[in-house]
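To find a chain, count down the sequence lines: A is the first, B the second, and so on, and within it residues start at 1. Remember, predicted model here, so these are calculated numbers, not experimental data.
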2 protein chains.
Amino acid sequence: MRIGELAELAGTTTRALRYYEAQGLLPARRDAKGYRSYDLSDLRLVTEIRSLTGIGFALEETRPFVECLRDGHPTGDSCPASVAVYRRKLAEVDDLIDRMTAVRDRLRDQLALAEVPFSTPVCATSGGSGLEDADG
Amino acid sequence: MRIGELAELAGTTTRALRYYEAQGLLPARRDAKGYRSYDLSDLRLVTEIRSLTGIGFALEETRPFVECLRDGHPTGDSCPASVAVYRRKLAEVDDLIDRMTAVRDRLRDQLALAEVPFSTPVCATSGGSGLEDADG
DNA sequence: CCTTGCCTTGACGTCGGCGTCAAGGTGGAG
DNA sequence: CTCCACCTTGACGCCGACGTCAAGGCAAGG
C-alpha cells in the first residue's frame, strides 16, 4: 500500500508517517514510481507508535518497541529494552500522579477558601486566619 | 528596586520579568535613567505568577489572579474570575489524574506481562497463558 | 488536452516560556 | 581613564511533533 492508505488505516497523517521515517522509526521501500510502499507489518509498527505516544510516550521512547517488532518479536514489549522503558515510564507516571494529586488537594483547599467570601460577602469571619502576612 | 533585585528576590530571572511585562502582567515604572523600577507590590505579583505557574498554570491563566491583586484585593483569588480559573483547573487536574491513573494501570499490567518471559526463559509454563498469539 | 488526485522533496510556521547573544548606555570604584 | 556591573532594546534559538505551503512528477478519466 501507499502512504495515504497507511495513514488512513492507522488513523494519522502522511506527514506524521514521513516524520517517523525521518526519525528512523519507519523505513520505507520504494516502488517503481519512487512512491513509498508499505505492508501490514508497517501498519503494525505505526499502530505501536501511535498507541504508545497516545498514552504519553515521547517518540524517542517508542524506539525500543518498534525495533523489537522489526526484529521479529511477537510484541513490541518482548524485549528487555522495552521493558526498561516501561519501568522508567511507570516511575515517571507514578511521580506525576503524586504531584498532580498534591496540586489537586491544594486547588481544592484554595477553592474552598476563595469561594466562602462570595457566599457570605458581608460578614467577615473575625480577623485572623493566619494568611494576611505570609511573606515578610 | 530595579529588575535584577526583583528577579533575585522572586527567585527568577530578569528575562522572565521582562517577558511578564511584555504579556501585560507586570507593568513597570521607569526611573530617570530609563531603568524599570519596582516595589514590594510588584514582588507580590511575581510571587503570585510563580506559585501558580509552578503548579502547572499557564501564564495566561495567572492573569485574573494578577489583575485581582492589582485591583487592590488582599489575595489573587479574591475575585470571581480567579475562582473560575481555579474551578476549570481543578477539573483539568482531576481529569488528568484519571487519565494518568489509567495509563499507570495499563503500564503495570503490560510490565507484569512483559517481565514474565524473562524470568522463566526456558520452561514454558504449560501451553496457554493467553499471550502467545494475541493479535492475528 | 486538461483536470483531478495521489505522490515527491524542501522548507518555514506553530506553541510557551523563556535562554542567549548583540550592541550600546550609565554610573561608581580604583 | 578604564573597568565593572548593571541596565536598555532587539532579535534569533530551543524543544517536540508535526501542520502547511510551494513547486513539481505521474497516471487515470472525460
* How far does the helix from C:dC1-D:dG30 to C:dG30-D:dC1 bend, going by the axes of its first and last five pairs, to the nearest 10°? -> 40°

* To do: Record whether the side chain of B:R15 comes under 3.5 Å of the base of C:dT20 through a donor-acceptor pair of N or O atoms.
  => yes

* To do: Take atom OH of B:Y38 and atom P of D:dT8, then tell me their distance rounded to the nearest Å.
  => 7 Å

* Exceeds 12 heavy-atom contacts within 6.0 angstrom, atom CZ of B:R108 -> yes

* Asked: Of all the choices, C:dC18, D:dA17, D:dT8, which nucleotide is nearest to the side chain of A:L59 once you look at every atom?
  -> D:dA17

* **Presence of salt bridge, B:E60 and B:R63, under 4.0 angstrom** => yes

* Asked: Just wondering, more than 12 heavy atoms not from B:E8 lying within 6.0 Å of its CD?
  -> no

* Would you mind telling me which of C:dC18, C:dC7, D:dG16 lies closest to the side-chain atoms of A:Y19? => D:dG16

* In whole Å, what is the span from the CZ atom of A:R30 to the P atom of D:dC26? -> 14 Å

* Asked: Roughly, in whole Å, what's the span from CD in A:Q23 to P in D:dC15?
  -> 13 Å

* Would you call A:R29 and A:D39 a salt bridge, taking side-chain N to carboxylate O under 4.0 Å as the test? -> yes

* B:R18 vs D:dG10: side-chain N/O to OP1/OP2 distance below 4.0 Å -> no

* **Nucleotide nearest A:A58 when distance is taken to its side chain, options D:dT8, D:dA27, D:dA17** => D:dA17

* To do: Measure from the side chain of B:R36, starting at C-beta and using heavy atoms only, and say which of D:dA27, D:dA17, D:dT8 lies closest.
  => D:dT8

* Could you pull out the closest heavy-atom pair between B:R50 and B:Y20, with the gap in Å? => NH2-OH, 3.1 Å

* Asked: Nearest-Å distance, CD (A:E60) to P (D:dC15)?
  -> 13 Å

* Write down the distance between CE (A:M1) and P (C:dC6), rounded to a whole number of angstrom. => 16 Å

* Are any of A:Y20's side-chain N or O atoms less than 4.0 Å away from OP1 or OP2 of D:dC18? -> yes

* Nearest-angstrom distance from the residue atom CD of B:E21 to P of C:dC18 -> 15 Å

* Structure fact -> Whichever of B:R2 and A:T13 has the more 5' nearest nucleotide on DNA chain D, that residue is B:R2

* Structure fact -> Rounded to whole Å, the CZ-P distance (A:R29 to C:dT8) equals 13 Å

* Structure fact -> Contacts of A:Y35 and A:L17 projected onto DNA chain D by closest heavy atom; the upstream (5') one is A:L17

* Asked: Between D:dT8 atom P and B:L6 atom CG, what is the distance in whole Å?
  -> 11 Å

* Between A:K89 and A:E92, is the closest basic N to carboxylate O distance under 4.0 Å? -> yes

* To do: Verify, without hydrogens or angle tests, whether A:D95 (side chain) and A:D98 (backbone) share a donor-acceptor contact under 3.5 angstrom.
  => no

